[in-house]
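Every chain is numbered from 1 and lettered A, B, ... according to where its sequence line falls, protein lines coming before strand lines. Not measured: the values here are computed from a predicted model.
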Protein chains: 2
Amino acid sequence: MSTVPAFKRLPRAVREQQMLDAAVKVFSRRGFHAASMDEIAEDAGISKPMVYAYLGTKEELFVACLHREGTRMMQAIAGAAAPDLPADERLWRGLRAFFGFVGAHRDGWAVLYRQARGEQPFAGELATMRARLVDVVAGMLDHALRAEGREIAALDLEVVAYALVGATESLADWLADHPDADPEKTATRMMNVAWLGAAQLLHGVTWRPPVD
Amino acid sequence: MSTVPAFKRLPRAVREQQMLDAAVKVFSRRGFHAASMDEIAEDAGISKPMVYAYLGTKEELFVACLHREGTRMMQAIAGAAAPDLPADERLWRGLRAFFGFVGAHRDGWAVLYRQARGEQPFAGELATMRARLVDVVAGMLDHALRAEGREIAALDLEVVAYALVGATESLADWLADHPDADPEKTATRMMNVAWLGAAQLLHGVTWRPPVD
DNA sequence: GCGTAACCCTACGCACGAGTAGGTATGCTC
DNA sequence: GAGCATACCTACTCGTGCGTAGGGTTACGC
């Protein structure tokens, strides 16, 4: 009794991508814990054991999402890189690529940053990625500084870079919550905050607390 | 058979505070979902039904934590307010109070911002608080701008304020993860990023994307 | 000293969701 | 067209953790 199967059989690689798509969607909507494997499987149009067979446990699945979205993001940014441009130009291109990515993959961003932040097992994964970003930014600042024959303590540099990355993430959240906002314009605004401030710092201007 | 009770009976108000202390601690360590009412009860040195009797369901308990910690934070910042000082001085005092609070209540901060961000039911609570902060910062910038006879579109102002708040939150996370770091010094660093950048903006200097 | 209200407990019901056992169908290779 | 790997399913087990039922004990007012 050859009943025609409701939906076609597909090669593993394809199904895996569908599952990851569904997982990113559900994780971003519900958060890691509240998301259920059943819902992810249903959303992918497949049964639960298939998900386990291909992508493993819930944690492994989540890590796979983190990996795919993270790699995509890093590639988007790296694609805009041009090592020998002046610092502001590099920063601008990086920001534009970054906000462009977030604008195009809003739930990828949500799962990557919003969800992974709190949950213990994945905080590390995320921290690594952020650390890489912070290093890049700090490296850029350091490079620009040396070009001016100036120097700042490494710790200060790191903290400033951390603040800039934080501001950028924050605007990314804002962007993700405002579907009609323009990524390009958001990048420009970030540039205003980051670069005008950084430029001052690079020229040796620093703010000191008043002695009260 | 009057067995001396292992621990004293205490009035409701006291127990409620103990429970909230325990809840904040556990929520910040585990995250909302992974935290169990049993662990919170045990940590508070009380049995689970008492928690339900006094603070209600898990969600209600979490909201209660959010409320207490949020109020404390707002009070800490409000206590440093002095409406008629120049903008940079106000910003400095606000930042100092804020980082001082985070330094002193690290897990209060964690539960407030790190956990509430992802989970749907509480995102609203947090968004409200952040919106208040953003308004304050934006209002300050706007005030300073008008004093110079200048003006910026409200949306731009809001986004800049959003970025500054994001950078500040990010440094707060950094502070929470570095127990030996000095809140005061962190505030100074934030001031360097925020104020030097904001000062430029206030003087009408803006960055524009290159025409490529 | 006695009632009553506030404080506090042990021990459960029950739902939900992770992960699996065990089997069926389909297409590909030789 | 037989054999075999791959794609796929239904239908469970079992742990975990929320929320509660149904009590016991201490203090306090009168």
Side-chain angles (χ1 to χ4, degrees), chain A residues 1-23 25-65 115 118-122, chain B residues 1-23 25-65 115 118-122:
Chain A
M1 146 147 146
S2 59
T3 44
V4 178
F7 267 92
K8 261 176 64 176
R9 298 180 95 179
L10 292 173
R12 173 164 188 158
V14 177
R15 272 278 132 88
E16 276 182 351
Q17 291 308 311
Q18 294 180 344
M19 289 176 189
L20 285 175
D21 290 342
K25 199 167 125 192
V26 175
F27 279 137
S28 78
R29 264 213 307 265
R30 307 249 191 251
F32 174 75
H33 262 100
S36 81
M37 294 299 269
D38 292 272
E39 183 177 358
I40 291 170
E42 186 185 338
D43 195 279
I46 209 82
S47 77
K48 202 167 44 154
M50 287 308 295
V51 181
Y52 280 89
Y54 286 174
L55 279 324
T57 72
K58 191 182 184 186
E59 291 210 352
E60 287 165 345
L61 174 61
F62 189 75
V63 170
C65 290
Q115 313 298 341
E119 319 282 347
Q120 245 62 24
F122 318 110
Chain B
M1 141 153 148
S2 60
T3 43
V4 177
F7 268 91
K8 262 177 63 177
R9 290 171 81 122
L10 292 173
R12 175 165 186 157
V14 177
R15 272 280 132 87
E16 276 182 351
Q17 291 308 311
Q18 294 179 345
M19 289 176 189
L20 285 175
D21 290 342
K25 199 167 124 193
V26 175
F27 279 136
S28 78
R29 263 212 308 266
R30 306 250 190 249
F32 174 75
H33 262 99
S36 80
M37 294 299 269
D38 292 271
E39 183 177 358
I40 291 170
E42 186 185 338
D43 195 279
I46 208 82
S47 77
K48 202 167 42 153
M50 286 309 296
V51 181
Y52 279 89
Y54 285 174
L55 278 326
T57 72
K58 191 180 183 186
E59 292 209 353
E60 287 165 346
L61 174 60
F62 190 75
V63 170
C65 291
Q115 312 299 341
E119 319 282 347
Q120 244 61 24
F122 318 111

Trainee: Looking at CZ of Phe62(B) and CD1 of Ile40(B), how far apart are the two atoms once the value is rounded to the nearest 0.5 Å?
Mentor: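 Going from CZ on Phe62(B) over to CD1 on Ile40(B), the span is 9.5 Å.
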Trainee: Please check the phosphate of dA7(D) (OP1 and OP2 only) for any side-chain N or O of Tyr54(A) closer than 4.0 Å.
Mentor: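 Yes, Tyr54(A) has a side-chain N/O under 4.0 Å of OP1/OP2 on dA7(D).
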Trainee: Where the side chain of Ser36(B) is defined as all heavy atoms beyond and including C-beta, which of dA11(D), dC18(D), dG17(C) is the nearest nucleotide?
Mentor: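 Of all the options, the side chain of Ser36(B) is nearest to dC18(D).
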Trainee: Please confirm whether Lys58(A) makes a cation-pi placement over Phe32(A), using NZ or CZ under 6.0 Å from the six-membered ring centre and within 45° of the ring normal.
Mentor: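 Yes, Lys58(A) and Phe32(A) form such a contact.
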Trainee: Which residue lies toward the 5' end of DNA chain C, Leu10(B) or Lys48(B), if each is placed at its nearest nucleotide?
Mentor: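 Nearer the 5' end of the strand: Leu10(B).
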Trainee: Take the angle between the ring planes of His33(A) and His33(B) and call it parallel below 30°, perpendicular above 60°, tilted in between.
Mentor: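 Rings of His33(A) and His33(B): parallel, as their planes differ by under 30°.
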Trainee: Tell me: OH of Tyr52(A) to C1' of dC12(D), nearest whole Å?
Mentor: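 Rounding to the nearest Å, OH of Tyr52(A) and C1' of dC12(D) are 14 Å apart.
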Trainee: Please state how far atom CG in Asp38(A) lies from atom P in dG19(C), giving the value in whole angstrom units.
Mentor: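 So the two atoms are 11 Å apart, to the nearest Å.
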Trainee: Send over the distance from Lys58(B) NZ to dC18(D) P, rounded to a whole Å.
Mentor: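 Checked: the NZ to P distance equals 5 Å.
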Trainee: Whole Å only: how far is the CE atom of Met37(A) from the C1' atom of dG17(C)?
Mentor: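 Those two atoms, CE and C1', are 10 Å apart.
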Trainee: Does Arg15(B) place a side-chain N or O at less than 4.0 Å from the phosphate oxygens OP1/OP2 of dA6(C)?
Mentor: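 For Arg15(B), the contact criterion (side-chain N or O under 4.0 Å from OP1 or OP2 of dA6(C)) is not met.
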Trainee: Nearest-Å distance, CG (Leu55(A)) to C1' (dA7(D))?
Mentor: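 For the pair Leu55(A) CG and dA7(D) C1', the rounded distance is 15 Å.
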Trainee: Out of dC8(D), dT26(D), dT20(D), which has the shortest distance to the side chain of Arg9(B)?
Mentor: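 The answer is dT26(D).
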Trainee: Is Met50(A) touching bases, backbone alone, or none of the nucleic acid, heavy atoms closer than 4.0 Å?
Mentor: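 It contacts base atoms.
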Trainee: By the 4.0 Å heavy-atom rule, please label Ser47(A) as base, sugar-phosphate, or nothing.
Mentor: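 Answer is base: heavy atoms of Ser47(A) come under 4.0 Å of a base.
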Trainee: Please give, in whole Å, the distance from dT16(D) C1' to His33(B) NE2?
Mentor: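 After rounding, the gap between these two atoms is 13 Å.
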Trainee: Across the strands shown, which category fits Ala41(B) at heavy-atom distances under 4.0 angstrom: base, sugar-phosphate, nothing?
Mentor: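 The residue Ala41(B) makes no contact with any strand.
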Trainee: Please give, in whole Å, the distance from dC9(D) P to Glu42(A) CD?
Mentor: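 Distance check: Glu42(A) CD to dC9(D) P gives 12 Å.
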Trainee: What is the distance, to the nearest angstrom, from the CZ atom on Phe27(B) to the P atom on dG17(D)?
Mentor: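 Spelled out: CZ on Phe27(B) to P on dG17(D) is 13 Å.
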Trainee: For the pair Glu39(B) (side chain) and Ser36(B) (backbone), establish whether a donor and an acceptor sit closer than 3.5 Å, ignoring hydrogens and angles.
Mentor: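 Checked: no pair found.
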Trainee: Output the distance between atom CD (Gln17(A)) and atom CG (Leu10(A)), rounded to the nearest 0.5 Å.
Mentor: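 Rounded to the nearest 0.5 Å, the CD-CG separation comes to 12.5 Å.
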Trainee: Using only modelled atom types and a 3.5 angstrom limit, is any donor from either the side chain of Arg12(A) or the base of dT6(D) paired with an acceptor on the other?
Mentor: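 Donor-acceptor pair under 3.5 Å: no.
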